[in-house]
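Okay, so here's the structure we're looking at.
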Amino acid sequence: MTANATAAETLAAMGAFVTRTLAEHPDRGLSPIALVATLRDVERVEGDLLEGAAVELGRRLARLHGLPAPGFPCDFHLDFRAAGDRDLALHALRQAQRLQALARPHPSREALFLLLGAARLLAADPLIRPPRPVLALP
């Protein structure tokens, strides 16, 4: 197997995750501004574990949608500014898994918002979710 095949499989898996999440997530209709604010609140609740990942995810989504970036009243030990969008989304997904494991047997609402934020950020990546061709009208 070549590196290109592995990369293509990874992109395809990410695309399937994005499609499934955006179609089935219970909060899929949440507006971008509400999701950004919610991610900031998730950071307030789970900051010891997330170390700024939710806020940075919110900042990237805000920039993507032309919204003001959310502020946060403290600095973090981890700095995600240099991470690419895919790397940040994958980190958020790993943190969502950790939150869900800590919340068992109950679902973690915070983990669900991280999943939605990661899916929306990945959905903007043209390699993961290519733009649909525009059909010309005759």
Side-chain angles (χ1 to χ4, degrees):
M1 182 180 298
T2 67
N4 286 340
T6 303
E9 290 171 4
T10 301
L11 291 173
M14 287 179 175
F17 160 75
V18 167
T19 300
R20 185 178 61 253
T21 302
L22 296 181
E24 299 172 3
H25 195 282
D27 296 304
R28 65 188 170 271
L30 198 62
S31 71
I33 197 163
L35 180 57
V36 169
T38 302
L39 288 169
R40 184 195 58 231
D41 294 343
V42 166
E43 190 72 49
R44 284 191 177 120
V45 172
E46 297 293 348
D48 289 343
L49 175 71
L50 299 176
E51 280 295 329
V55 167
E56 185 61 28
L57 189 57
R59 287 179 181 146
R60 304 271 176 107
L61 289 168
R63 185 173 50 236
L64 181 67
H65 292 284
L67 301 170
F72 204 77
C74 68
D75 293 326
F76 303 102
H77 296 291
L78 299 177
D79 184 3
F80 296 99
R81 289 177 293 188
D85 288 349
R86 282 187 223 145
D87 291 333
L88 176 62
L90 291 174
H91 180 76
L93 292 174
R94 284 191 294 273
Q95 298 302 41
Q97 288 177 326
R98 290 179 66 193
L99 287 173
Q100 187 56 50
L102 291 170
R104 277 195 178 94
H106 306 289
S108 167
R109 293 290 296 159
E110 292 82 5
L112 286 173
F113 287 119
L114 285 173
L115 288 175
L116 182 59
R120 286 195 184 172
L121 186 63
L122 290 172
D125 186 327
L127 292 178
I128 293 173
R129 200 165 186 213
R132 295 186 176 161
V134 177
L135 299 176
L137 297 175

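Treat the numbers as computed from the prediction; the structure is a model and nothing was measured.
- Rounding to the nearest 0.5 Å gives a distance of 11.0 Å between CZ of R59 and CG of L88.
- Partners of D87 under the salt bridge (charged side-chain N to carboxylate O under 4.0 Å, His left out) rule, at least two apart in sequence or in another chain, do not exist in this structure.
- Scanning both residues, A123 and L22, for their nearest heavy atoms gives CB-CD1, 3.9 Å.
- The hydrophobic cluster containing V45 does not contain L116, counting ILVMFWY residues as joined when their side-chain heavy atoms lie under 4.5 angstrom apart, directly or transitively.
- Each of T21, V18, L30 was checked for a side chain to side chain contact (heavy atoms under 4.5 Å, CB included) with R120, and the lone residue meeting it is L30.
- With sequence neighbours left out, R60 forms a salt bridge (charged side-chain N to carboxylate O under 4.0 Å, His left out) with E56, D85.
- Atoms CG and CD, from L115 and E110 in turn, are 12.0 Å apart once rounded to the nearest 0.5 Å.
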Carefully, step by step, assess M14 and L127 under the rule side-chain contact (heavy atoms from CB on, under 4.5 Å). CA-CA 10 Å; M14 287 179 175; L127 292 178; over 6 Å; no
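- Side-chain atoms of Q100 never come within 3.5 Å of backbone atoms of A111 as a donor-acceptor pair (strictly under, hydrogens ignored).
- Looking only at distances, no side-chain donor or acceptor of Q95 sits under 3.5 Å from a matching main-chain atom of L50.
- The minimum heavy-atom distance linking L114 with A54 is given by the pair CD2-CB, 4.0 Å.
- The backbone N or O of L112 lies less than 3.5 Å from a partner atom in the side chain of H25, making a donor-acceptor pair.
- Inter-residue side-chain proximity for F17 and I128 is flagged as unmet; no heavy-atom pair is nearer than 4.5 Å.
- For R28, the salt bridge (charged side-chain N to carboxylate O under 4.0 Å, His left out) criterion is met by no residue, not counting sequence neighbours.
- With sequence neighbours excluded, the residues satisfying salt bridge (charged side-chain N to carboxylate O under 4.0 Å, His left out) with R86 are D125.
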When the side chains of residues 64-71 are checked against the rest of the protein, which donor-acceptor pairs come out under 3.5 Å, sequence neighbours left out?
none

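- Annotation for F80 and A53: closest pair CE1-N, 3.4 Å, computed over non-hydrogen atoms.
- When the side chains of ILVMFWY residues are joined at heavy-atom separations under 4.5 Å, either directly or via intervening members, L102 and F113 end up in a single hydrophobic cluster.
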Atom pairs and distances, side-chain donor-acceptor, residues 32-41, under 3.5 Å, sequence neighbours left out:
residue : atom : partner : partner atom : Å
T38     : OG1  : A34     : O            : 2.7
D41     : OD1  : R44     : NH1          : 3.1

